[in-house]
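Just below is one structure, and these are the notes that go with it.
A, B, ... follow the sequence lines: proteins, then strands. Residue 1 opens every chain.
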Number of protein chains: 2
Amino acid sequence: MPKAPSPSSRSDSTASLLRQEIVSGEAAPGNLLAEAAVAQRLGVSRVPVREALFTLEREGLVEFSATGRAFVKDLTTSDFEELYVLRLNLEPLAARLAAPHFKKDLSSLEENVAATQRAKSVHEVTRLDLEFHELILHMSGNTRLLKLWRSLRGELELWLGRLHRQHQLQTRETQAQTVEAHRGIIEGFKTQTPAACERLLREHILGWREWLPIVS
Amino acid sequence: MPKAPSPSSRSDSTASLLRQEIVSGEAAPGNLLAEAAVAQRLGVSRVPVREALFTLEREGLVEFSATGRAFVKDLTTSDFEELYVLRLNLEPLAARLAAPHFKKDLSSLEENVAATQRAKSVHEVTRLDLEFHELILHMSGNTRLLKLWRSLRGELELWLGRLHRQHQLQTRETQAQTVEAHRGIIEGFKTQTPAACERLLREHILGWREWLPIVS
DNA sequence: GGAGATAAAACGGTATACCGTTTTACGAGA
DNA sequence: TCTCGTAAAACGGTATACCGTTTTATCTCC
């Protein structure tokens, strides 16, 4: 299970707020995130804002100019290509590593699928979709692999968010597609064959790309 | 080529200093890195130290406790296993992606090997060895892949450093082994076949592990 | 002598202030 | 009108100070 998002410190809550604004599109790509301005707007000092911006940079949602100014990242198609290649290699690896652990712990995946079916918006489906994949990374047992994947997650979320806003994806279809695919994966995982688990995820991601609206 | 390490800001130079102390073993695993103490010792304020510690955490050299205190990371064997699995998957991928670019740019790899041959210490050989691999990641053209690898590099360096200090590796042997292996890789790269380049690197890393002194 | 309470010291989180650099906006001259 | 220069405003880097929490060390009681 992913960590509980409990923004205890002001740095964390600032990061959460900005993350939300960026992923939701409220903050447009290329926008300057000036420390003082953000600080004043959120009612905190510059220090937590500064740290939040560093965090968001690590997540790929923010980009620093050579002179240290933070901007909302503007993803291009080639950025997406990079992300895609990495997913295509990291996730199957995770599935292979996780295979031996697929004895009892499939329950968390099943719960996720159930939640996905209950979801009421495209946004929610997307979030649960990503969580499904993150669960697999988590089950791989390789904490660094999980961290690497997480460092890509923000950008992925950003890209998907923009895609959805552009193409007005239908909730029903996206949801049905996701649930069906994930169920198939869980079924396949029951064999616990590392090679099979790996192949399964690889093909899921290949198929996912086909399903996506025009990526260009 | 890797970025020029020009510590312009105090955050950067502080990070460099601490990095050096940690990798060299001067700062023992588990040591507390208190902001105020480090700041006073290095003659800067706590702010740059704070940022340096965050940077080093991202590099895997420092670990934060639940209450926000920074400690020099203490790597275990299973940490090394995680790193190894990731190298074994990321680097061959990079080689495959880089294959099409292996027309002229092999010169940077060749220069690296030449420098390795001129090296005069195990430490220097190790540094150039890692640089060789980083060059391949760089040539893959996938900036995120390079970033992921770099986020593992610090821990790798840390591990290798401790290994060398424990086993007093002979410079000559390590050097000869490294140079020979890297030359073979460059030779193989000339075919520019993605699959071959990928296999080459995979086998190099498998062999590298055999070569390492007792990892346990 | 050992476990627990307690007070002092250490430490991190954050606000504020200052300074040098970068950006930006405006105005003069071609 | 466009370009270039210049000054003001914006901005980030860093130092310092304050506060609440966590650690640590000491003292007490069993």
* Apply salt bridge (charged side-chain N to carboxylate O under 4.0 Å, His left out) to A:Asp79 and B:Arg144, showing your working. => CA-CA 9 Å; A:Asp79 287 320; B:Arg144 284 163 184 81; 3.1 Å; yes

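- Listed nucleotides: D:dA15, C:dT23, D:dT23. Nearest to the side chain of B:Ser45: D:dA15.
- Heavy-atom contacts from other residues, nucleotides or ligands closer than 6.0 Å to CD of B:Glu110 number more than 12.
- Among the nucleotides D:dT14, D:dC11, C:dG12, the one closest to any side-chain atom of A:Ala34 is D:dC11.
- Across all strands shown, B:Arg69 has heavy atoms under 4.0 Å from sugar-phosphate atoms exclusively, and none from any base.
- In this structure, A:Asn142 contributes its side chain and A:Leu97 its backbone to no donor-acceptor pair below 3.5 Å.
- Atom CG of B:Asn31 is separated from atom C1' of C:dA10 by 16 Å (rounded to the nearest Å).
- Computed from coordinates, the A:Leu32 CG to C:dT23 P distance equals 11 Å when rounded to whole Å.
- Geometrically, B:Arg87 engages B:Trp208 in a cation-pi contact defined by less than 6.0 Å to the ring centre and at most 45° from the axis.
- Comparing atom distances between the A:Arg10 side chain and each of D:dC11, D:dT22, C:dA15 picks out C:dA15 as nearest.
- Defined by atom type and a distance below 3.5 Å, a donor-acceptor pair is present between the side-chain atoms of B:Glu82 and A:Thr143.
- In summary, the aromatic rings of B:Phe71 and B:Phe64 are positioned with their centroids too far apart to meet the 6.0 Å limit.
- If you measure from atom CG of B:Leu53 to atom C1' of C:dC11, you get 12 Å, rounded to the nearest angstrom.
- Contacts of residues 58-66 of chain A with DNA chain D (heavy atom under 4.0 Å): none.
- In this model, the phosphate group of C:dT14 is approached by a side-chain N or O of A:Ser11 to a distance below 4.0 Å at OP1 or OP2.
- As rounded to whole Å, 16 Å separates atom P of C:dG12 from atom CG of A:Asp12.
- Comparing atom distances between the B:Thr67 side chain and each of D:dT14, D:dT22, C:dT14 picks out D:dT22 as nearest.
- Mapping A:Arg46 and B:Glu35 onto DNA chain C via the closest heavy atom, the residue that lands nearer the 5' end is B:Glu35.
- When the P atom of D:dG12 is taken as reference, atom CZ of A:Phe71 falls 8 Å away, rounded to whole Å.
- Of the candidates C:dT14, D:dG13, C:dG12, D:dG13 carries the atom nearest the B:Ser9 side chain, counting heavy atoms from C-beta on.
- Here the P atom of nucleotide C:dA10 and the CG atom of B:Leu33 are 17 Å apart, to the nearest Å.
- When the P atom of C:dC11 is taken as reference, atom CZ of B:Arg50 falls 14 Å away, rounded to whole Å.
- Side-chain rings of B:His182 and B:His133 approach one another, their centers coming within less than 6.0 Å.
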